[in-house]
Each structure stands twice: as structure tokens, then as C-alpha cells.
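The next block holds one structure in the form of C-alpha cells; read it before the comments.
Every chain is numbered from 1 and lettered A, B, ... according to where its sequence line falls, protein lines coming before strand lines.
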There are 2 protein chains.
Amino acid sequence: MRVTIAEVARRARVSKTTVSRVLNNKGDVDAATAIRVREVIAATGYTPSAGAVGLARGRTQTVGMLVPGLTWPWMGDVLQGVSDVLEARGYGLLLHTVNRGEQSLTQFQRHVSANAFDGLLLVEPPDTLSYITSLHEGGLPVVMIDDRGHHPGFPSVATSNDKGAADAAAHLLTLGRTRLAMVTGPAAFGCTRDRTAGFHGAAANAFDPALTAEGDFTRDGGQAAIEELLAKNVEFDGVFAHNDLMAVGVLDGLRAAGRTVPDDVAVIGFDDISIAEHTQPALTTVRQPSREMGEAAATMLLAHLAGETPPEEPLVVPTSLVIRESAPAV
Amino acid sequence: MRVTIAEVARRARVSKTTVSRVLNNKGDVDAATAIRVREVIAATGYTPSAGAVGLARGRTQTVGMLVPGLTWPWMGDVLQGVSDVLEARGYGLLLHTVNRGEQSLTQFQRHVSANAFDGLLLVEPPDTLSYITSLHEGGLPVVMIDDRGHHPGFPSVATSNDKGAADAAAHLLTLGRTRLAMVTGPAAFGCTRDRTAGFHGAAANAFDPALTAEGDFTRDGGQAAIEELLAKNVEFDGVFAHNDLMAVGVLDGLRAAGRTVPDDVAVIGFDDISIAEHTQPALTTVRQPSREMGEAAATMLLAHLAGETPPEEPLVVPTSLVIRESAPAV
DNA sequence: CTGAAAGCGCTTACAG
DNA sequence: CTGAAAGCGCTTACAG
């Protein structure tokens with residue numbers, strides 16, 4: 001019993017063409033006619049069928065989004081940013097997860113081939129960069145939310161990993177700390193390289209590369225890393241962890257070893273996930289602007305769909321230092 | 001340059017009808033013909049256009065999902081469960097957020113009218129129950145993931161709020177605690193009623209209703225509530241908080257007041273969000289099976305779409321007690 | 001300013 | 001077992 005454009009046309013005593021015109025404000029329509037059509041539309045509650053419009057126009061007004069999984073703490077923020085922008089612009093959001101590996105990708109591929117969306121937003125699932133690149137080269141508008149420092153060959157949104165890490169180092173120096181340690185992410189990640197370089201550069205002599213341990217971005221990995229550092233028996237009074245989850249492990253490891261934070265050792269994390277303000281002591285951290293990155297990526301993709309040429313360089317949304325108790329203000 | 005069914009038909013020297021038949025394994029097709037068609041499909045990488053199929057069949061193979069927002073800690077788990085099931089069954093997931101109030105709802109309404117999806121899954125946004133009910137009555141298949149104990153008049157998935165709370169009480173009794181307090185959610189929430197009733201029933205005499213404070217499901221609200229309780233100067237040695245976020249506030253408030261957890265006061269939360277295992281001490285909590293609820297809801301909706309009659313009663317996915325240090329095993 | 005007709009890419013009776 | 005034709009609900013040249 002769905003009302004169609006034909007029904008509206010019949011009731012308004014005009015052609016479907018005319019109804020379509022007033023619907024899309026395209027071409028001139030006699031004022032009185034337009035009013036009559038609008039009245040019928042209002043009275044019937046008519047809404048054009050998304051599927052039919054999409055088929056006729058060759059555009060779905062829908063954007064696909066591909067993410068590795070939904071359980072990372074900051075993923076919800078990214079999604080929220082994306083969702084807000086798309087919704088405000090009348091676009092739908094078709095969400096895809098790569099939680100089941102190959103199978104997931106096959107399903108996703110099917111949706112791509114089926115032209116189910118006009119453009120793609122993504123946070124890169126493991127080992128899919130070349131696949132995504134091929135989609136982009138095949139003509140699909142793509143914008144990547146680059147949390148790994150990949151600097152891909154297509155439009156992307158990133159954050160200031162280097163600057164954020166430098167800010168962390170600078171803050172530790174301000175606190176008078178002179179022997180700084182670092183717990184990094186996996187060496188293969190671009191963001192690990194960027195954060196390491198930024199920290200190293202700003203900390204200068206206060207940082208001894210020997211006081212570096214590689215973690216895996218998990219809490220347990222962070223704890224293991226700090227234990228490794230403590231076992232070296234080299235003094236340090238400040239630690240920068242490449243993400244908050246590891247920083248939580250660092251905090252626990254330090255406590256277990258009898259060190260007080262921040263008195264003995266100041267600790268700074270990266271991300272500002274919701275846990276950060278609830279640790280003991282509350283964690284000072286470099287805030288990653290997840291939501292803003294989502295908004296920026298969606299905005300960029302829509303501009304691309306509207307015909308604008310996307311920027312060559314990654315769009316960088318800056319980090320900001322959030323000062324809490326684990327590395328307090330001076 | 002998209003390859004269409006017409007192109008496949010031409011290359012295989014058959015009609016579109018026949019191609020459609022082998023695509024959907026419908027009706028008998030000569031074995032040799034079918035093979036020929038399949039070869040062309042494989043060679044061209046043909047995938048039917050989602051929009052065209054949807055228009056012709058009157059079904060989009062897409063499910064809509066409406067959520068209040070993406071930043072609640074357990075929402076990612078719900079979504080992941082939903083996403084896994086839909087994907088495995090070849091359905092798309094169209095995500096809608098009600099982050100911008102009325103405007104969001106208007107946009108959502110438009111998607112509903114536009115027949116953009118076959119069925120709807122939702123976690124209820126504030127004050128939308130009557131609207132959702134009208135959609136359901138209007139014929140849209142709906143399944144609600146009921147985190148609030150609403151017991152709506154349409155299919156839903158819930159968890160054992162009462163039983164979970166009773167388990168918390170029983171565990172505290174097992175630990176020998178005899179004066180139990182409770183920090184509840186807002187009184188208007190169905191789950192608050194259910195958790196209160198379950199706890200009260202199982203704790204019996206050990207629970208004094210005077211030792212109840214109402215919180216708002218936030219960390220700060222939990223801390224305020226425990227301070228209110230402490231100010232009463234009535235002894236208690238166990239606290240059950242209606243969610244983990246408030247339990248974190250309880251932990252902090254207790255620490256500030258010089259009480260030791262769990263020695264002086266044992267604490268149990270509800271949800272088992274990721275923060276729970278990282279608090280000091282780690283939080284014992286009633287695990288809410290968010291992901292399983294998402295899976296169950298999606299499964300139920302797909303069954304409904306396939307023609308099955310959905311159950312009258314809410315499907316209850318059971319909670320489970322996760323024992324950690326804040327209320328350890330005996 | 002307006003409408004008839006073709007077309008978007010499929011599916012599905014219907015006829016053979 | 002197979003195909004021509006109509007139909008799903010729109011949009012868009014084209015003609016007037």
C-alpha cells in the first residue's frame with residue numbers, strides 16, 4: 001500500500017515528470033501546480049523509494065564504511081563522527097566489519113560490486129591496503145581514516161602522531177624529568193615510527209634509546225614492557241607509552257614494583273580513551289581526535305562525491321595533551 | 001562499464017531470464033546451459049546490482065539499526081554481534097544514530113519511508129518507544145535490544161537483570177557480608193526496577209532499603225551516591241552498583257573515605273565493560289552479554305523476515321557473574 | 001511550463 | 001527447459 005510517484009501524480013492531476021520536478025526542484029514548475037503537488041505529497045506522506053531513485057540516478061546516496069572491528073575503544077567515536085556528518089547530509093551509512101576474516105572480505109567485495117554505495121570510508125583492516133588501493137584505482141571514491149601512519153596513495157585523514165609525542169616529551173621535561181623511557185607500539189606500524197621520532201626529537205638528551213621497550217598496544221603488553229625496562233636497572237623518571245591501554249599496564253607494573261606515580265615516575269599515554277580518566281592516578285595522555293577524524297573523513301568523501309578533487313596530502317587533525325595526575329601540571 | 005545481466009545474457013547466448021534463473025537457482029535450467037552462464041559470470045566478475053534486485057523484488061536485503069549513540073562502552077559489542085550475524089547471512093547493515101535529536105529522527109523517518117531496509121533492529125533512543133511501536137504496527141519487522149527492561153509490545157531481546165542482581169547478592173552473602181548497600185540506576189528505568197527487585201529478594205535481611213542511593217549510570221553519579229551513603233553513618237560491608245561506570249565511582253569514593261576494598265567493603269558492578277578488569281582493585285561484576293544480545297536480535301529479525309512468527313515474550317540472554325578482586329571468590 | 005516515453009538493472013508470471 | 005514482455009518506482013532527455 002506504499003504510495004508511489006504515480007499515485008501522487010494521479011491525485012495532483014499532473015504527470016510523474018512534474019512530480020519529480022517539484023520533488024527535486026529541477027526545472028520550472030508553475031507555482032500553483034507546485035503547491036498542489038506539495039499538498040498531495042504532504043497529505044499522502046509520500047517519500048521517494050530509495051532503491052528506485054538509486055537505480056534511476058545511478059547513485060545510492062549511501063556511503064560504505066569498512067572497519068576491522070567494533071570493539072576497539074575509540075572506534076565508537078570515529079563512527080559517531082562519521083555518522084553525524086553523513087546523516088546531516090542525508091546520506092545512509094552501510095557498515096561492514098572484518099571480524100570474520102576472509103569471509104567478511106568476500107561479503108564486502110560483493111557489496112562493492114553490487115554498487116551498494118557511492119563511496120567508501122575505512123579504518124584499515126589488517127593486510128587490506130593493496131585491496132583498497134585497487135578499489136580506489138578502479139574508480140571508487142575512498143577516504144581512509146589512518147590510525148596507523150600508513151600515508152596511503154589515496155585520500156586520508158590522520159592525526160599528528162609526531163607532534164603529539166613531542167608534546168608528551170616536552171611536558172615531561174617541563175616537570176623536570178631527565179631520564180625518559182618509552183613503551184612503543186609494534187615496530188611495523190607507521191604510527192609507532194612517527195611517535196618514536198616525535199618523542200625522540202623533543203626529548204633530546206633526556207631520552208636514552210636503551211630505555212625503549214616494544215609493546216603490542218594491549219594492557220598486558222604494556223605491563224610486560226615496563227617490567228622489561230625495570231629489569232634493566234637503569235634509572236628513569238618518566239615514561240611515554242604509545243597508547244593508553246599499554247599505559248594502564250605501565251601504571252600497574254610500576255605500582256607492583258613499588259614505584260609511585262607521578263612522584264617517582266611520571267607517565268603519559270596516547271589516545272585518551274574513556275578509561276584514561278579513571279585510572280589511579282588519572283592518566284595524562286595525548287588525545288587522539290577520533291571523532292573529529294571521522295567527521296573530517298566523511299566531509300572529505302562527500303566533497304569528493306560532489307565532484308571536488310580530494311587533497312593529495314593526508315588531512316591532519318591535531319592531537320592535544322590532556323593533563324591529569326600521572327604527569328600533572330607544574 | 002559495469003557489466004549487467006544483459007551483457008552476461010548476450011555473451012552466454014541466452015535470455016536475461018535464464019541468467020536470472022541460474023543466479024538464483026530457481027526453476028530448471030539445462031545443465032550445460034547453466035555451466036555456460038556460470039562461466040560467463042565468473043569471467044566477467046558479474047554481480048547483480050543491489051539496487052535493481054531490491055527494486056524488482058521489493059526487498060533490499062538490508063537491515064536498519066537505530067541506536068541512541070555510539071559512545072556507550074557496550075554499544076560496540078552489541079553492534080559487533082549484529083554485524084557478524086547479518087554479514088554471515090548476506091544482509092547489509094544501515095546504521096542510524098540519534099545523536100542530534102529531532103533532526104536525526106527526521107532523517108531516520110525518511111529512510112524508513114523510503115523503504116531503505118527490510119527490518120529494524122534497535123537499542124531504544126530516549127522517548128521513542130511509541131514511535132517505534134507505530135512502525136511495528138505499520139508492518140515493519142522490528143526487534144528491540146532491550147537494555148532498559150521496557151518489555152515492549154513487540155519482539156525483543158533482554159538480559160536477566162533480576163537473576164544477575166540476585167547472583168550479586170548471593171555472592172556477597174557467600175563472602176559473609178551482612179550489611180549490604182545498593183547504588184541504583186534512575187528509578188524510571190525498567191532495568192533499575194528489575195535489578196533492585198532481584199538484589200532485594202536474594203539479599204533478604206542482609207539488605208536494608210535505607211542503604212540505597214540513586215545514581216545516573218555515570219561514574220560521577222556513582223561517587224556522589226556512595227558519598228551520600230557514607231554520610232548516613234550506617235555501617236555496610238558490601239555494595240552492589242547497577243552498572244560498572246557507577247561502580248568505578250563507588251571505588252573512588254570508598255578509597256577517598258579511607259575504606260579498603262574488598263576488606264572493609266566488597267563491591268560488585270553490572271555490565272562488565274572493558275574498564276572493569278583494569279580498576280584497582282579489579283571489579284567483580286555481573287556480565288551483560290551485549291554481543292550475544294546483538295546476535296540474538298539479528299537472528300530473530302532474520303527469522304521474522306523469513307516468515308517465522310517472532311516470539312511473544314522477550315528472549316532472555318542470561319547474565320553471568322565475573323569474579324575479580326573487588327568481591328573475590330571465597 | 002508540461003508530459004510521453006525510454007531507461008536504470010533486475011525478477012517474475014505467462015506462454016510455449 | 002527457455003524467452004518475450006511487463007513491472008518494480010523513479011529520472012531524464014526530448015518534444016511541444
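At a threshold of 4.5 Å between non-hydrogen side-chain atoms, the residues B:Arg11 and B:Thr44 count as touching. With contacts defined as side-chain heavy-atom distances shorter than 4.5 Å, the pair B:Asp84/B:Arg291 qualifies. For the pair A:Phe108/A:Leu120, a side-chain contact is recorded, criterion being any heavy-atom separation below 4.5 Å from C-beta on.
If you check every strand for non-hydrogen atoms under 4.0 Å, B:Thr17 touches a base. Residue-level contact check: B:Ser20 touches the bases, meaning some heavy atom is under 4.0 Å from a base atom. B:Thr18 comes within 4.0 angstrom of the backbone, heavy atoms only, and of no base. Across all strands, B:Asp28 comes closer than 4.0 Å to base atoms (heavy-atom distances). If you check every strand for non-hydrogen atoms under 4.0 Å, B:Lys26 touches sugar and phosphate atoms only.
Stems are defined here as 3 or more consecutive Watson-Crick or G-U wobble pairs with pairing distances under 3.5 Å; those involving DNA chain D are C:1-3 with D:14-16, C:5-12 with D:5-12, C:14-16 with D:1-3.
For the 3.5 Å distance criterion, the side chains of A:Ser104 and B:Glu87 qualify, holding a donor opposite an acceptor. Inspection of the A:Gln109 and A:Tyr131 side chains reveals an N or O donor paired with an N or O acceptor under 3.5 Å.
When all heavy atoms of B:Ile145 and B:Met65 are compared, the pair lying nearest together is CD1-CE, 4.1 Å.
For DNA chain D, the span of nucleotides reached by chain B at under 4.0 Å from its heavy atoms goes, 5' to 3', from D:dC1 to D:dG9.
Residue order along DNA chain D, read from the 5' end via each residue's closest nucleotide, puts B:Arg36 first among B:Arg36 and A:Lys16.
Around CZ of A:Arg36, the count of heavy atoms belonging to other residues, nucleotides or ligands within 6.0 Å exceeds 12. When the shell of 6.0 Å around CH2 of A:Trp72 is examined, it contains 12 or fewer heavy atoms from other residues, nucleotides or ligands.
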